[in-house]
J.: 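One structure, pasted below without further comment.
Just so you know, these numbers use all the heavy atoms, side chains as well, and skip hydrogens, waters and symmetry mates. Source: prediction; values computed, not measured.
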Amino acid sequence: MVDRVFLVQRQSPAWAELARSQRNGLSIDPAHYLPPMPVPGFPAEIPRLIQVWNDTFTLDYFTCRAILKDIASVNNRSANGVSHISYTDYSMASDLLLDSIIYFHDDDDIFDTELSNIVSSVNFSDFDALVSPLIRLDSDLFTFVRKGCDTSLLLGRRQDFHFRYQTNNYGLVGKHIDHKRFTAMKDHVEASSYADANDLTDKVISRPLSATLKTIWSASMLTTVDQGKDAVLNQLQRFRSRVLNLELPIEYNWLSSCIEQACALMNSVQIGDDYKALEATLQTIRENTIHLTPTD
């Protein structure tokens, strides 16, 4: 049993501040949004690609990223029994982490709003990480499932893990965490290598507890802008067509709301909405969303 769940956000640019600067015509130093170290899969010319986006569409790139971050944050912070910290806050929270399960995530990752209730019934005495399937919301929709394991919900095709852990689907048992392990495991690729090297043990469950929004604004997909405006619009439409009308069990109502908002953002880009029109649309969606708790 654990007392609490911690969602630990990895490095995240201040997208909303960058968006305001962009809308006010201010110069933006790429150091404010580029990672401090090279990241595999990131294109080399991100600032140029962002400029191409901003020259092409009414809604600038920073605004789109800020909205995605807000969609995820509103969902994740609506969960009961969950605390939120930055990856830099270990010293401040170290005592609290001991009786917790810890999930690292990016700013466009979303979690089941019943996460705390679900994991509270797990016995955490004999393993280091709780691993679950991961839903990747993409025009190529799929669910990451560890090879040889099952999933209680399969959206799109089944995909074997690329690494021992994927993005945000590994919850670390806090009583086994010190500062060295906390730092070593904040990135899923490095966490996978660390777990292998240190003989960590995993418990795998079949229920997906999280998802990642893999949109055109992800750094690895931003190169689409070099193919022209029509290519971007087609990509946005493919995403919306693939995920917008999924039939989901009631316990995945949280996922439905995030999908609807992300698709509203994409639609606003497609039709040329300005920022105020998009905000009104998103507010309406949120006001009409009811997070239902399934009954046994």
Side-chain angles (χ1 to χ4, degrees), residues 5 7 9 64-65 67-82 84 101 103-119 130-146 149-159 161 165-171 188 205-218 221 236-267 281-296:
V5 174
L7 296 186
Q9 184 170 277
C64 295
R65 285 303 304 252
I67 294 293
L68 279 183
K69 181 175 180 177
D70 192 50
I71 291 169
S73 179
V74 168
N75 175 82
N76 296 342
R77 290 181 180 276
S78 72
N80 294 322
V82 176
H84 303 263
I101 183 168
Y103 286 90
F104 290 98
H105 67 96
D106 296 323
D107 62 19
D108 52 2
D109 292 336
I110 50 180
F111 288 84
D112 193 320
T113 50
E114 291 297 310
L115 178 63
S116 181
N117 290 335
I118 296 167
V119 303
L130 183 67
V131 180
S132 55
L134 171 66
I135 298 165
R136 174 168 152 148
L137 298 170
D138 189 352
S139 55
D140 177 19
L141 175 67
F142 60 81
T143 304
F144 277 116
V145 186
R146 181 174 281 185
C149 298
D150 297 323
T151 181
S152 61
L153 178 69
L154 182 66
L155 296 183
R157 61 183 175 83
R158 177 179 173 129
Q159 173 65 54
F161 285 9
Y165 308 128
Q166 294 294 150
T167 310
N168 60 43
N169 72 334
Y170 59 106
H188 75 276
I205 61 174
S206 62
R207 177 169 175 167
L209 301 177
S210 59
T212 184
L213 286 162
K214 201 59 160 179
T215 67
I216 198 165
W217 301 291
S218 301
M221 301 181 71
L236 294 172
Q237 185 58 43
R238 285 195 297 272
F239 184 102
R240 295 178 65 229
S241 298
R242 190 68 182 93
V243 306
L244 189 54
N245 295 311
L246 293 172
E247 294 185 5
L248 296 171
I250 192 172
E251 60 265 30
Y252 288 91
N253 185 65
W254 57 275
L255 192 58
S256 298
S257 175
C258 293
I259 288 172
E260 187 176 0
Q261 292 176 70
C263 288
L265 169 59
M266 295 179 184
N267 184 62
T281 299
L282 294 175
Q283 184 60 33
T284 299
I285 293 172
R286 289 170 183 164
E287 289 174 351
N288 291 334
T289 296
I290 303 174
H291 285 287
L292 299 174
T293 302
T295 56
D296 294 333

J.: For Val243 and Leu246, work out which heavy atoms get closest and say how close.
T.: O-CG, 3.3 Å
J.: As an exercise, state the distance from OG1 of Thr284 to CD of Glu260, rounded to the nearest 0.5 Å.
T.: 10.0 Å
J.: Any donor-acceptor pair under 3.5 Å linking the side chain of Asn76 with the backbone of Ala72?
T.: yes
J.: Should the ring pair Phe142 and Phe144 be called parallel, tilted or perpendicular, given that the plane angle runs from 0 to 90° and is split at 30 and 60?
T.: perpendicular
J.: Looking at side-chain heavy atoms only, is the closest gap between Gln9 and Lys69 below 4.5 Å?
T.: yes
J.: With side-chain contact (heavy atoms from CB on, under 4.5 Å) as the criterion, how do Leu7 and Leu115 come out once you've worked through the C-alpha distance, each side chain's angles and the decisive distance to 0.1 Å?
T.: CA-CA 10 Å; Leu7 296 186; Leu115 178 63; 4.0 Å; yes
J.: Any side-chain heavy atom of Leu248 within less than 4.5 Å of one from Asn253?
T.: no
J.: In Å and rounded to the nearest 0.5 Å, what is the CG to CD1 distance from Leu209 to Ile135?
T.: 9.5 Å
J.: Please enumerate all residues that pass ring-ring contact (aromatic ring centres under 6.0 Å, His included) together with Phe111, with sequence neighbours excluded.
T.: Tyr103, His105
J.: With a 4.5 Å cut-off on side-chain heavy atoms, are Arg146 and Val131 touching?
T.: yes
J.: Does either side chain, that of Asp150 or that of Ser206, offer a donor lying less than 3.5 Å from an acceptor on the other one?
T.: no
J.: Could you walk me through whether Asp107 and Arg65 pass the side-chain contact (heavy atoms from CB on, under 4.5 Å) check?
T.: CA-CA 9 Å; Asp107 62 19; Arg65 285 303 304 252; 3.2 Å; yes
J.: Which atom names give the shortest non-hydrogen contact between Ala79 and Val82, and what distance separates them?
T.: CB-CG2, 3.9 Å
J.: With a 4.5 Å cut-off on side-chain heavy atoms, are Asn75 and Thr113 touching?
T.: yes
J.: Taking all atoms of both residues into account, what is the closest heavy-atom pair of Ser152 and Arg207, and its distance?
T.: OG-CA, 3.3 Å
J.: Under 3.5 Å, is there a donor-acceptor pair linking the side chains of Ser241 and Gln237?
T.: yes
J.: Calculate, to the nearest 0.5 Å, the distance between atoms CZ and CD1 belonging to Arg238 and Ile216 respectively.
T.: 8.5 Å
J.: More than 12 heavy atoms of other residues, nucleotides or ligands under 6.0 Å from CG of Asp140: yes or no?
T.: yes
J.: Taking all non-hydrogen atoms of both residues, which atom of Trp254 and which atom of Ala211 are closest, and how far apart?
T.: CH2-N, 4.4 Å
J.: Distance check, rounded to the nearest 0.5 Å: Leu213 atom CG versus Gln261 atom CD?
T.: 10.0 Å
J.: Would you say the side chain of Leu255 lies within less than 4.5 Å of the side chain of Leu137, judging by non-hydrogen atoms?
T.: yes
J.: Between Gln166 and Asn169, do the side chains contain an N or O donor and an N or O acceptor separated by less than 3.5 Å?
T.: no
J.: Side chains of Ile205 and Val119, heavy atoms from C-beta outward: is any pair under 4.5 Å?
T.: no
J.: For residues Thr167 and Leu134, determine if any side-chain heavy atom of one lies less than 4.5 Å from a side-chain heavy atom of the other.
T.: yes
J.: Which residues pass the side-chain contact (heavy atoms from CB on, under 4.5 Å) test with Ser73, sequence neighbours left out?
T.: Arg77
J.: If we count only N and O atoms by modelled type, under 3.5 Å, do the side chains of Thr212 and Asp109 hold a donor and an acceptor together?
T.: yes
J.: What pair of heavy atoms forms the shortest contact from Leu236 to Trp217, and how long is it?
T.: CD2-CH2, 4.1 Å
J.: Which heavy atom of Pro208 sits nearest a heavy atom of Leu153, and at what distance?
T.: CG-O, 3.8 Å
J.: Checking side-chain contact (heavy atoms from CB on, under 4.5 Å) for the pair Met266/Phe239: CA distance, chi angles, key distance, verdict?
T.: CA-CA 9 Å; Met266 295 179 184; Phe239 184 102; 3.4 Å; yes
J.: Do Cys64 and Leu265 have side chains that get closer than 4.5 Å, going by heavy atoms?
T.: yes
J.: Please list, chain by chain and in numerical order, all residues satisfying ring-ring contact (aromatic ring centres under 6.0 Å, His included) with Tyr165, sequence neighbours excluded.
T.: Tyr170
J.: Hey, mind stepping through Met221 and Asp138 against side-chain contact (heavy atoms from CB on, under 4.5 Å) and telling me if it holds?
T.: CA-CA 11 Å; Met221 301 181 71; Asp138 189 352; 4.0 Å; yes
J.: Between atom OG1 of Thr143 and atom CZ of Arg136, what is the distance when rounded to the nearest 0.5 Å?
T.: 11.5 Å
J.: Just by modelled atom types, is the Glu114 backbone N or O under 3.5 Å from a matching donor or acceptor in the Asp112 side chain?
T.: yes
